[in-house]
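Report on the structure given below.
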Amino acid sequence: GAGVSQSPSNKVTEKGKDVELRCDPISGHTALYWYRQRLGQGLEFLIYFQGNSAPDKSGLPSDRFSAERTGESVSTLTIQRTQQEDSAVYLCASSLDRKHEFFGPGTRLTVL
Amino acid sequence: AQSVSQHNHHVILSEAASLELGCNYSYGGTVNLFWYVQYPGQHLQLLLKYFSGDPLVKGIKGFEAEFIKSKFSFNLRKPSVQWSDTAEYFCAVSGSSNTGKLIFGQGTTLQVKP
């Protein structure tokens, strides 16, 4: 595609439910990143995928968070047993060279 | 600890005023530095970046930034802002030899009054 796409654009869920967020990177981009932006704060790194290498999960805030990516395609970020503090905009970015990241529009998650 | 600090959270300027947004970072080793911008209703996009060489870098729409290594700073400047520069601006850093994952500042909201 022309850019990074994410779905859904908005998600409202109840505390304790699981949610799955999707990211479609730019075709050919081997690197994929997930970030989180809570209200009034900067973006926080969550996880990084590079090709078929083991992902860098150092930014995941708890074991309720997980992400998968098959090859160099779509990635899904899953949050289990959501909490109110998980409310944020979740941004995905992809990169060809790990020097310039192209960001998607984000998924706004609201946990009631 | 690795961190980025943006001094101004909300800046209001009139058109044609000069702009300088402060950014300081804490990061061990050689760094790559970035400014990203998010216009209302749009995606986050790259404004400019510094990897090496001339510490004064020029980006899109007349923006420039200067890397001052001794001050761990990468301030963003524009001599004359326009109403269309109203946006949120983020400074970010990554290690030059690592995965490219970015550490962001909290962001600065710039409002330009016509």
Side-chain angles (χ1 to χ4, degrees), chain A residues 1-7 9-10 23-26 29-61 67 69 75 88-108, chain B residues 1-10 21-27 30-53 57 59-60 74 76 87-110:
Chain A
V4 178
S5 60
Q6 293 185 245
S7 61
S9 54
N10 279 286
C23 171
D24 281 272
I26 293 172
H29 280 194
T30 55
L32 186 147
Y33 308 80
W34 282 97
Y35 293 88
R36 174 174 73 174
Q37 184 180 20
R38 288 190 275 196
L39 190 65
Q41 299 184 25
L43 283 74
E44 305 169 71
F45 166 77
L46 296 177
I47 189 168
Y48 157 71
F49 295 91
Q50 174 65 48
N52 293 316
S53 303
D56 176 351
K57 304 180 183 179
S58 60
L60 295 179
R69 186 184 188 197
S75 175
V89 177
Y90 289 82
L91 289 158
C92 175
S94 71
S95 176
L96 183 62
D97 57 6
R98 298 178 294 166
K99 291 183 177 181
H100 182 171
E101 294 177 32
F102 293 82
F103 283 83
T107 293
R108 183 175 298 277
Chain B
Q2 300 166 350
S3 65
V4 175
S5 177
Q6 292 182 239
H7 313 305
N8 317 98
H9 295 297
H10 196 161
L21 301 182
C23 173
N24 285 88
Y25 67 92
S26 174
Y27 198 101
T30 308
V31 296
N32 299 326
L33 293 156
F34 306 82
W35 276 96
Y36 279 84
V37 60
Q38 188 166 26
Y39 297 104
Q42 296 188 26
H43 302 185
L44 199 63
Q45 59 184 282
L46 183 68
L47 194 57
L48 50 77
K49 60 188 177 184
Y50 171 81
F51 289 152
S52 63
V57 292
I60 59 172
F74 191 56
L76 181 70
E88 190 156 17
Y89 293 81
F90 294 92
C91 182
V93 63
S94 70
S96 62
S97 59
N98 76 0
T99 60
K101 64 185 182 186
L102 295 166
I103 298 168
F104 283 85
Q106 310 97 307
T108 298
T109 301
L110 172 64

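In what follows, chains carry the letters A, B, and so on, assigned in the order in which the sequence lines appear, proteins first and then strands, with residues in each chain numbered from 1.
- Put simply, NE2 on B:H43 and CD on A:Q6 are 8.5 Å apart, with the number rounded to the nearest 0.5 Å.
- Surrounding CG of A:D97 are more than 12 heavy atoms belonging to other residues, nucleotides or ligands, all under 6.0 Å away.
- With a 4.5 Å cut-off on side-chain heavy atoms, A:L43 and B:I103 do not count as touching.
- Only the backbone of A:Q41 comes within contact range of chain B, with at least one heavy atom under 4.5 Å from a heavy atom of that chain.
- Residues A:K99 and B:K49 approach most closely at O-CD, 4.5 Å, considering heavy atoms.
- Residue A:Y35 touches chain B through its side chain alone, counting heavy-atom pairs closer than 4.5 Å.
- Listed for the A:Y33 side chain is no donor-acceptor partner under 3.5 Å among the backbone atoms of B:L102.
- Nearest heavy atom pair, residue A:S58 against residue B:K101, reads OG-NZ, 3.1 Å.
- The candidate with the highest count of non-hydrogen atom pairs below 4.5 Å against chain B, out of A:G104, A:A31, A:A93, is A:G104.
- Checked against the 6.0 Å centroid criterion, the rings of B:F104 and A:F45 do not qualify as a close aromatic pair.
- Listed by chain and number, the residues in a side chain to side chain contact (heavy atoms under 4.5 Å, CB included) with B:T109 are B:H10, B:E88 (sequence neighbours excluded).
- Smallest separation of non-hydrogen atoms from A:E101 and B:G100: OE2-O, 2.6 Å.
- Shown here are the side chain to side chain contact (heavy atoms under 4.5 Å, CB included) partners of B:Q45, two or more places apart in sequence or in another chain: B:V37, B:Y39, B:Q42, B:I60.
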